[in-house]
Amino acid sequence: MPELPEVETTCRGISPHITGKKIAKVTIRQKQLRWPIPDNLSETLCGLVVKQVTRRGKYLLLKTNKAHTVILHLGMSGNLRVVNSQLKPGKHDHVDFVFADGTILRFNDTRKFGAILCTSEPILQHKLISSLGPEPLTDQFTGNYLHQLSRNKKTTVKAFIMDAHNVVGVGNIYASESLFMAGILPTRHAGKISLKRYKKLVDSIKVILQQAIDQGGTTLKDFVNEQGKPGYFQQSLSVYDRFEQECIKCSSPIKQVKIAQRASYFCQFCQR
DNA sequence: ACTGGATCCTGACTGC
DNA sequence: TGCAGTCAGGATCCAG
């Protein structure tokens, strides 16, 4: 499931293969994703050159030489691969961005939770992008920021840090892992956690995400691999999906609870 | 204004 | 073996 490190890895992986290249056409086999893909996408993008591939939260942005920017989201099962024109599309290969030199950027998404949109307005003003919280790995994301934002919030701290309006890129797995590292129970009310503890939580989120991105660097080659699924990380997880297994710190069994319909894992002794 | 729940989708897995 | 049910998950939308 793509979380921020996976999207960052995808961004770095595809960028050198499509930056500076002219779009010849866009082939859409399945337009019914999270939102329908715009009907005129191919006509709109034909002839435009990809100037820059960037990421904002879990959105990938393909900036062109005109006003238009392609907004891509991988949902939970999506992936992008760079393939050559000989490779026939397989199951769930919903969209091909075909470049003038024959390179294809192929979007595959089993569960169709992803999205492909296009906008000509300044990208930071786009509805999906403008409401996003700060990037977790920048200096704007601090303990002070989270502490202040969380005052009077009754939601759980886990739901709070997973809300992209507060901070982007913290998905279900890394939320559990970060809270474990920071020693905070996921069920705690966000508004009642001290500044000191938020500082520790922010440090933990940065460490966990940076580790995952560092590991992702080794899988970049997979994005130009015909049979390859983009390699997701073999991240070593401390609590996630370890129900009833021993806590790595205190050996007591890991607990599981549902928060906002998401499985959450924690140690009842190491987190409070 | 806030918060929690339903929702989209497919495939893997479980239980009868 | 097969079928029905459950779960996973990001982010939006909706209802209370």
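Here is the naming used below: chain letters follow the sequence lines, and residue numbers restart at 1 for every chain. Note: hydrogens, waters and symmetry copies are ignored here, and every other heavy atom, side chains too, is used.
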- Message: With a 4.0 Å limit, can you tell me whether A/Lys127 has a side-chain N or O closer than that to the phosphate oxygens OP1/OP2 of C/dC13?
- Response: yes
- Query: Is any side-chain N or O of A/His73 closer than 4.0 Å to OP1 or OP2 of C/dG10?
  - Reply: no
Solution key, residues 265-272 of chain A side-chain donor-acceptor pairs under 3.5 Å, sequence neighbours excluded:
unit_1	atom_1	unit_2	atom_2	d
A/Gln271	OE1	A/Cys267	N	2.9
A/Gln271	NE2	A/Leu179	O	3.4
A/Gln271	NE2	A/Ile184	O	2.8

- Residues from residues 184-193 of chain A lying under 4.0 Å of DNA chain C - heavy atoms: none
- Message: Any residue in residues 152-159 of chain A with a heavy atom nearer than 4.0 angstrom to DNA chain C? Just list them by number, or reply none.
- Response: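 By residue number: none to list.
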Extract from the structure each pairing of a protein N or O with an N or O of nucleotides 5-7 of chain B at less than 3.5 Å, listing the distance.
unit_1	atom_1	unit_2	atom_2	d
B/dA6	N7	A/Gln261	NE2	3.2

Are there any protein N/O atoms within less than 3.5 Å of an N/O atom in nucleotides 10-13 of chain B, and if so, which ones and at what distance?
unit_1	atom_1	unit_2	atom_2	d
B/dT10	OP1	A/Lys112	NZ	3.1
B/dT10	O2	A/Arg111	NE	3.1
B/dG11	OP1	A/Lys91	NZ	3.3
B/dG11	OP1	A/His92	NE2	2.9

- Within a radius of less than 6.0 Å around NZ of A/Lys206, do more than 12 heavy atoms belonging to other residues, nucleotides or ligands occur?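 Counting neighbours around NZ of A/Lys206, more than 12 heavy atoms of other residues, nucleotides or ligands fall under 6.0 Å, so yes.
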- Out of C/dA11, C/dG10, C/dA8, which nucleotide sits closest to the side chain of A/Ala164?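 Closest nucleotide to the A/Ala164 side chain: C/dA11.
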- Degree of bending in the helix from B/dC2-C/dG16 to B/dC16-C/dG2 once both end axes are built from five pairs, to 10°: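 It works out to 60° between the end axes.
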- Task: Verify whether one side chain among A/Asn172 and A/Lys158 offers a donor that lies under 3.5 Å from an acceptor in the other.
- Result: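 There is such a pair between these side chains.
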- Rounded to whole angstrom units, what separation is found between the NZ atom of A/Lys258 and the P atom of C/dT6? 12 Å
